[in-house]
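For reference, the structure discussed in these notes is given below.
In each ligand, atom 1 is the first atom listed, and ligand 1 is the first ligand listed.
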Amino acid sequence: MSGSSSRFVTNRRVGNKYVLGERIGKGRYGAVFEGFDLETGRVVAIKQLPTKGIPIDEVNSLKSEIKLLRNLQHKNIVEYIGFYEEEEGDHVNIIMEYVEGGSLAKTVNKFSSFPESLVAFYVEQILEGLVYLHEQGVVHRDIKGANLLNTKEGLIKLADFGVAARLDEISSKNNPIEVVGTPYWMAPEIIELSGCSTASDIWSVGCTVVELLTGSPPYSEYTAMSALFHIVSDEHPPLPTGISSELEDFLLRCFNKDVASRVSAKELLSHRWISKSKQVSYDNSTYSLKRETISSLQSKLVSLQNQDKVKETSNVEVAKLEQFEEPKEEETFDDLFANDQLSNTASQRENISSCRMDVTQHLWQRLQQSLDASVAVEGGTELDVVDELDDFAWLSLRSNQGEQQVMAKERALKLLSGMFDDQNLMETRKQCLSELLSLLTTYPSLSQFFTSEGTFSLLLEILDYPRCEQHKLEFVLQLMLHVLCSFDGQESIRSEDIRDLGQFLSSMGFFPIAIKLIDSRISEKVRYLTFHMISVILSEREENILMFFACRGAPRILSTFFEEVKIEVNKYILGTLKALYFLTDKWCQSFGREWCRSMAKYGFIERFVGFLYRVTTFEEIREKEYSLKDEMMLISLRTLEKFGLFVQGEQSDVTIRTHFQSIQVLSPMCQLLSQLKGHCFVSFLSIFEVLCRNAETHDTLQECGAIQILVYLLSTLCDASGSDPCRRHILLSLYYLCLSSPKRKEEAAIHGIIPVLQSIIRHSGVLFSSNGRKFISIETTKSVEMLCWFATVRSRKVMHLLLKSNGVEFFLDLLSVVPGKDKAKAGSSLVELLEREPNQVESILIQEKNIQRIVHLVTTLGQNEIEYMLDSYVRLLVLSVKIRESLYKHQAVEKFFSRLKHPKTSVRKLLLQILQLLLQDYPRVFSKAEKQVLLDLERNDSAVMIRELAGSLIRRMAKESMTKS
Ligand SMILES: Nc1ncnc2c1ncn2[C@@H]1O[C@H](COP(=O)(O)OP(=O)(O)OP(=O)(O)O)[C@@H](O)[C@H]1O
């Protein structure tokens with residue numbers, strides 16, 4: 001004690017019994033000090049809690065809880081010694097056993113992480129403590145590293161049990177803070193208000209394992225609000241990397257979202273992760289750790305973790321850098337050709353520049369030769385070449401059809417020559433092209449000139465020629481496009497030819513050339529023509545699509561395509577959309593993430609959503625094109641859906657996510673909400689819901705007015721009976737959007753969501769199966785949960801809106817209709833309302849019909865349901881004398897008595913506490929049967945707290961009968 005004495009030099013006293021020493025730590029609700037017991041000389045820990053503004057009933061209820069907890073004794077729980085309230089002070093003191101080693105949270109912070117085997121060693125003791133608490137009917141409610149204290153022998157003790165939640169409740173009234181409690185360890189059912197039970201502690205054990213292994217609990221990278229969101233919406237929290245398969249299984253069992261089938265503390269004690277770790281490293285008899293083993297394991301883990309951190313950081317950095325950054329290669333038009341072997345050096349560049357005409361001429365000559373040869377083969381005679389480039393009236397001079405064909409070819413050749421002749425004026429060259437195209441239309445078979453491989457490959461060479469003048473590019477592309485399209489639909493020509501031509505072009509390297517031609521420095525017309533060519537080629541054959549993909553320019557081309565494409569409802573654009581879907585769908589199984597990621601890097605998502613919006617709002621279409629437009633929309637949405645796969649869940653990709661959450665995507669998405677109809681609307685809503693599941697979209701969606709639009713859409717669908725997919729998607733979108741933000745909840749309430757939700761609950765209803773069991777649709781259950789939110793939002797406006805919509809009566813209705821967990825939500829909401837608006841809510845609750853319903857419920861609750869509901873009864877009774885009085889007068893005591901044989905200790909404990917509360921103002925003599933039940937509990941119950949509570953009720957009764965007699 002010599003070391004301790006100096007810590008108690010202060011005269012600060014707690015009553016006559018304790019001297020207050022140094023502060024050991026500080027939590028959310030107060031500070032913990034060392035204390036010295038002047039009577040026994042024992043060092044204790046004293047937790048001081050401010051009580052300013054807390055009603056006396058609350059303090060008394062806390063006091064009696066601690067009194068009860070004093071009865072608990074186990075090596076793995078901190079002993080509660082007492083409760084001391086200073087008469088004139090503004091705080092109360094909880095006296096506890098002093099555990100000198102500090103909390104595991106502090107230790108793990110110091111060492112950054114523990115190895116798996118050490119964590120298992122600690123967790124085994126945590127579970128031992130929990131098994132004991134749960135057997136005694138106590139739910140800890142706040143398992144986390146900071147509440148696990150370590151003795152110098154390495155023994156772990158659970159602190160703060162049973163009172164943490166009560167403190168949260170008390171504090172929430174005094175501090176209008178947004179989130180009560182630290183959410184990172186919180187089970188989803190607590191966030192959803194569907195009732196806290198022993199299973200909730202098991203979830204927190206899982207989070208604590210992650211905390212001890214990695215230095216922080218799951219979702220610690222998020223703000224408290226976002227963490228709440230992820231806990232509720234993710235399948236399970238992310239597991240740390242590199243853990244053993246046994247631990248993985250252990251954690252997945254803790255993180256089971258179905259409370260009823262979540263593993264118990266007792267079952268976890270015999271899990272193979274715990275039993276396996278017992279075989280290594282520790283001498284259990286003394287709890288002393290084999291230090292070398294631990295430190296080597298620990299340093300290994302620390303270094304592993306650091307590596308992971310580096311990896312993570314660099315991934316994030318890369319993702320940041322990648323946003324909208326154009327990839328380095330092909331950055332500018334000049335760079336585009338920098339790799340061209342002809343232009344490697346400055347002198348070579350000059351040479352090229354000077355002999356540019358020569359090369360074009362050379363290509364042109366080859367083209368001419370090839371056409372000449374073709375004419376020679378076809379016609380077999382030398383023909384006069386018409387020099388004047390006038391109209392082709394000359395053709396009509398020849399009456400013979402065969403002769404006309406030959407003449408037409410000849411003319412085409414002449415026109416081609418005129419198009420590329422640099423001596424001609426631009427006007428003249430353009431005329432040549434337009435005449436050539438008309439000629440090709442009049443004589444479709446002329447197109448066969450160009451199908452010879454030599455001709456088309458020469459045209460490709462012109463396209464590929466560095467610094468080829470833009471008008472020549474235009475000419476070639478127009479010509480090629482004309483030939484490609486003129487084949488299409490011409491009955492006289494086998495459709496295979498055109499398909500072959502597309503395949504020929506793609507295998508001759510059209511796509512890499514196209515990548516260069518869509519560069520932003522190239523004229524808009526060339527780019528548009530290139531896109532059109534791509535559309536046509538892609539719409540032809542699956543092989544072309546694969547070649548397009550293989551040239552590695554696909555992401556860039558497609559991204560630019562959807563930005564530039566002029567909105568036309570035509571089959572070629574549909575063809576490109578189909579090709580895009582084909583590519584995305586094909587790769588989604590194996591390396592879809594890589595594909596979607598590289599598309600996202602090029603800004604595809606933003607451009608594609610913009611395109612979707614333009615198509616949706618595009619009005620200038622003929623009637624017969626409506627179905628084409630519809631098809632375009634649907635295939636676009638299916639593609640977008642594939643990209644959406646990587647927004648959340650295990651497949652989630654940071655780059656794809658980042659692009660999806662940009663305003664350029666979310667703003668048109670919000671506008672589309674009110675534009676789409678029919679089956680497109682359903683598909684779109686399912687994508688929208690996926691986006692809303694990503695917490696990072698929420699602020700932007702709110703900014704874009706999503707809440708108002710969604711609430712409005714929901715109001716148009718709220719009266720439909722049964723289930724409706726559109727309503728479900730909208731409801732879930734709103735649910736995820738508002739879940740973690742009181743501000744957004746308030747906005748939804750202001751836009752009128754409360755009556756809409758009430759209407760959905762009334763119409764979609766609870767369904768009964770043939771065996772009479774209740775089923776509840778997801779729409780109803782989510783509507784109930786959302787409605788309950790509004791009871792917890794600290795906003796006067798929301799409270800007003802809720803009461804205006806008869807919120808209290810509605811929650812009472814729910815209590816008798818909805819099953820188990822949802823009843824608990826409605827029950828907690830009533831408590832919340834009573835806390836916020838005591839007078840108004842109390843007066844409604846004590847109305848005859850309502851109090852009867854509350855009493856009646858006690859006997860109708862199922863064996864499982866009652867566990868989740870009793871907490872709300874305790875709270876109602878603590879909060880209102882009038883409710884206690886009304887319940888007493890309506891024979892509630894008898895009803896609660898009738899449930900006392902419940903098999904669960906926690907239920908029996910709550911029932912006894914309720915009886916204590918009911919009888920505190922109205923003591924009465926028990927019936928014989930009631931007395932017998934209490935005597936049984938006092939003598940035979942396995943839990944010390946139950947024996948204690950039953951005993952105190954019997955003593956009170958004895959006192960009462962003595963007074964009466
Ligand atoms: N019985 C005790 N013996 C020794 N140290 C204790 C004891 N109880 C608490 N402490 C120390 O005091 C710190 C503060 O405890 P407190 O319960 O006030 O807050 P917390 O549990 O850390 O957080 P919160 O209450 O906000 O959840 C603990 O982290 C622990 O280090």
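Sorted by first and then second residue, the salt bridge (charged side-chain N to carboxylate O under 4.0 Å, His left out) pairs with a member in residues 254-268 read Glu135-Lys266, Glu189-Arg262; sequence neighbours excluded.
Closer than 4.0 angstrom to ligand 1 lie heavy atoms from Ile24, Gly25, Lys26, Gly27, Arg28, Gly30, Val32, Ala45, Lys47, Met96, Glu97, Tyr98, Val99, Ser103, Lys106, Asp142, Lys144, Ala146, Asn147, Leu149, Asp160.
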Legend entry - Audit row: Leu834, Val831, side chain to side chain contact (heavy atoms under 4.5 Å, CB included) steps and yes/no: CA-CA 5 Å; Leu834 182 65; Val831 175; 5.7 Å; no

Legend entry - From CA spacing to verdict: side chain to side chain contact (heavy atoms under 4.5 Å, CB included), Tyr84, Val92: CA-CA 6 Å; Tyr84 188 83; Val92 293; over 6 Å; no

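A salt bridge is defined here as a Lys NZ or Arg NE, NH1 or NH2 lying under 4.0 Å from an Asp or Glu carboxylate O, and Asp871 with Arg141 meets this definition.
Under the salt bridge (Lys or Arg N to Asp or Glu O under 4.0 Å) criterion, Glu39 pairs with Lys17, not counting sequence neighbours. Contacts of Glu248 classified as salt bridge (Lys or Arg N to Asp or Glu O under 4.0 Å), with partners at least two apart in sequence or in another chain: none.
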